[in-house]
2 protein chains.
Amino acid sequence: MFMTQDNPVRLRDVARAAGVSQGTASNVFNRPDIVRQEVRERVEAAARELGYAGPSLTGRLLRAGKVNAIGVATAEPLTYFFEDQWARTMMAAIAAECDKQGAGLSIVSAMNRERPAWNIQSALVDGLILLCAEEGPALIGQTEKRELPFVALGLEESTVDAPGVGIDNRDGARQAAEHLVALGHRRIAILGIGESWNDRCATPEEVMTTPYLTVRDRVEGYWAGLATAGIAAGDVPYADTDSERETVWAAMSRLFAMERPPTAVLAMSDRVALFAIEWLKSQSRRVPEDVSVVGFDGIPEGADTLPALTTVQQPFQELAARAVASILNGEEIAARTVLPLPLVVRGSTGPAPKSEL
Amino acid sequence: MFMTQDNPVRLRDVARAAGVSQGTASNVFNRPDIVRQEVRERVEAAARELGYAGPSLTGRLLRAGKVNAIGVATAEPLTYFFEDQWARTMMAAIAAECDKQGAGLSIVSAMNRERPAWNIQSALVDGLILLCAEEGPALIGQTEKRELPFVALGLEESTVDAPGVGIDNRDGARQAAEHLVALGHRRIAILGIGESWNDRCATPEEVMTTPYLTVRDRVEGYWAGLATAGIAAGDVPYADTDSERETVWAAMSRLFAMERPPTAVLAMSDRVALFAIEWLKSQSRRVPEDVSVVGFDGIPEGADTLPALTTVQQPFQELAARAVASILNGEEIAARTVLPLPLVVRGSTGPAPKSEL
DNA sequence: GCGCACATTTGAACCGGTTCAAGAAACAGT
DNA sequence: ACTGTTTCTTGAACCGGTTCAAATGTGCGC
């Protein structure tokens, strides 16, 4: 046996040992059918003898020009891919798509002490999927330099027009609100994910000053849906959170300390919705009998809790399929493709309590 | 602007356009300091002009022989990395380690319709970390062919002796059991993760017939710990699960339907422990006042629930650090390094109920 | 004007393969 | 024996860079 390090066996060496040309040796590994059996066996024997591990990928790669792998990049640290629920779900979908296509998958963090863009510059991939959270535009800028195909997911639309697939946040939110309205709810509160005004409920004007387009879109959708029942935006309590349990609980306390507490809550993410349900349970309020909760995102955890979460489902699989296809097969993507979001009704919403009708 | 596809600009072209040799052009990108400023600027201008995206990675790679990336492989589908809790936590730790070292991270699934080992053979990495679940030995076999450094994580010890880092399951389990004993518990049940005997409690002899070394190690550790209080293995109810809510709930129902139900539960994974707590709550049994629960693994979710889970903590970060260092820095790893597991005491365990003393 | 140290630049070899036109060998047909 | 096919095999070009010894140029002291 030979160790890798001490063993720079090249195709050339194998060819020489087998007494054939390098071209023939190459064929043994890549198109064995066109090599005469006797020769093939000789070469294979030589390879085995020398401990040749097969053609070097880099050599082959250089010729082929294709890596057959895609990269997924974010401006967050690498751990984001495994810790953030949205990213994780999105990645599972992308991974499934890569599995189908037999492509490899690299994950890339654009955070690097020395050179922020270094990891993006040096990732060995045929194209990049950008998971845009906050730093979308910067990420896109770095990626463009690379002159590689890329698709932005979750990009906020105000930014550069780059190939990207987005979701119709506004319409999804509208459906969620109309669902509650149809169930008879009239006192409905919103749990935000804007990371500000943590201490009190915000006015509609204040809410719209948030820098996050996603938040603005969703809240506008909520308002539009509620408007169908004649509920004005100003009558909808809006409590913001930073998506952590603590601020969600605080927000819930605030909302339910009101004179006429809400009978339903529209949460801007499933994570927040789940924390909200947790709080309600801790207060011995039943879901959905006393209070209905609608989430947003459709992460798997939401389907698995008791009660299961009614939510606006992001089409993760579809987003992933489009993004991967666009990179691997060069399928064009309109600069701002937007997918619709279906509402998934599960156990966390029910008719408004009778006493409230 | 030029598009990537139509734009095969090579370093050579840039050099020619700038009127310098290719060597100099190369230096402009790699060691700018040794090139005279005027020349450097000329080359940079030419590059910009031609839309040159910087030296091709494959070309450079070929010369350097290093990819500066590690791969993590399993015999599961790619989605495993983002869906399985253990894998996810392990990956977060590995990712953090790669971040530190500035290395890339590729994930690889050894499941491929045509050729099972293909993905492992063709991953562009400097080394592989193997996440061994059930298929450990097969995975190792495929990897060895690649003649690349690798480390097996979570490998069961009975198998091939390959470089790997394992954990001392037995000792961790022992600590968990002794913790409960020290709190005064005497009626203690075990929740298994062996996927068999789902319908009844198993005898010690039956338990030890499981093919999973992890399960055998942990259960032996539990018995050893309980033995310090004079509790015989035969007196410890053992209910198996397949790690899903349904079988856990069924197992719990079985255990608590006994004449003298347990006051504490040793769960072989945090996931199972969390389902168990959920069941207990649904039955209005308080944790830890009425029943104590100890998990195993130390996944983040366990720290975040109410009450927080007492558990045997796997040293994820340490495992990751060793594995990554071994690959990136060529640090040797003894064929079977085994790390100790600390017990983390949190809110889900407490003194045995007085009525039981 | 000459020699020398120093700063740049060049040219060619090399990294490890793949590919393809052209050559060689084996065989069939006439 | 001669030509036409078919089946393999060969040699050389090429993929896109990096590197290093050698060549060139530059400035300075005497």
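Each chain gets a letter, A, B and so on, in the order its sequence line appears, and its residues count up from 1.
The side chain of B/Thr58 places no N or O atom within less than 4.0 Å of a non-bridging phosphate oxygen (OP1 or OP2) of D/dG16. Taking side-chain N and O atoms only, A/Thr24 has a distance below 4.0 Å to OP1 or OP2 of D/dT10. When the side-chain nitrogen and oxygen atoms of B/Tyr52 are compared with OP1 and OP2 of D/dG16, none of them lie within a distance under 4.0 Å. Remark: B/Ser26 is not in phosphate contact with D/dG17, judged by side-chain N or O atoms under 4.0 Å from OP1 or OP2.
In this structure, the separation between CG on A/Leu319 and CD1 on A/Ile129 is 10.0 Å, given to the nearest 0.5 Å. One finds the OG1 atom of B/Thr79 at 9.5 Å from the CD1 atom of B/Ile107 (value rounded to the nearest 0.5 Å). To the nearest 0.5 angstrom, B/Ile34 atom CD1 is 8.0 Å from B/Thr24 atom OG1.
The base of C/dC15 does not come close enough to the side chain of A/Arg10 for any donor and acceptor atom to sit less than 3.5 Å apart.
Along DNA chain C, the nucleotide nearest B/Asn27 and the nucleotide nearest A/Asn30 are compared for position; the residue whose nucleotide lies closer to the 5' end is B/Asn27. Projected onto DNA chain C by closest heavy-atom contact, B/Gly59 and B/Gly19 fall at different nucleotides, the more 5' of which corresponds to B/Gly19.
Taking atom CD1 of residue B/Ile34 and atom C1' of nucleotide C/dA7, one finds them 10 Å apart after rounding to whole Å. To the nearest angstrom, C1' of D/dT18 lies 9 Å from CZ of B/Arg60. Here the P atom of nucleotide C/dC15 and the CG atom of A/Asp13 are 10 Å apart, to the nearest Å. Taking atom CG on B/Leu61 and atom P on C/dG16, their separation rounds to 11 Å, with Å as the unit. Separating the CZ atom of B/Arg36 from the P atom of D/dG25 is a distance of 12 Å, rounded to the nearest angstrom. Taking atom CZ of A/Arg63 as the reference point, atom P of D/dG17 lies 15 Å away to the nearest angstrom. One interatomic measurement links the two molecules: CD of A/Gln22 to C1' of D/dA12, which rounds to 11 Å at whole-angstrom precision. Atom pair B/Arg31:CZ and C/dT10:C1' shows a separation of 14 Å (rounding to whole Å applied).
With C/dC15, D/dT9, C/dT19 as the candidates, the nucleotide lying closest to the side chain of B/Leu62 is C/dC15.
Here the side chains of B/Gln101 and B/Ile70 are not in contact, with every heavy-atom distance at 4.5 Å or above. Between B/Thr74 and B/Phe81, the closest side-chain pair of non-hydrogen atoms falls below 4.5 Å.
Within the 4.0 angstrom heavy-atom criterion, only backbone atoms of the sugar-phosphate kind lie near A/Ser56; the bases stay farther away.
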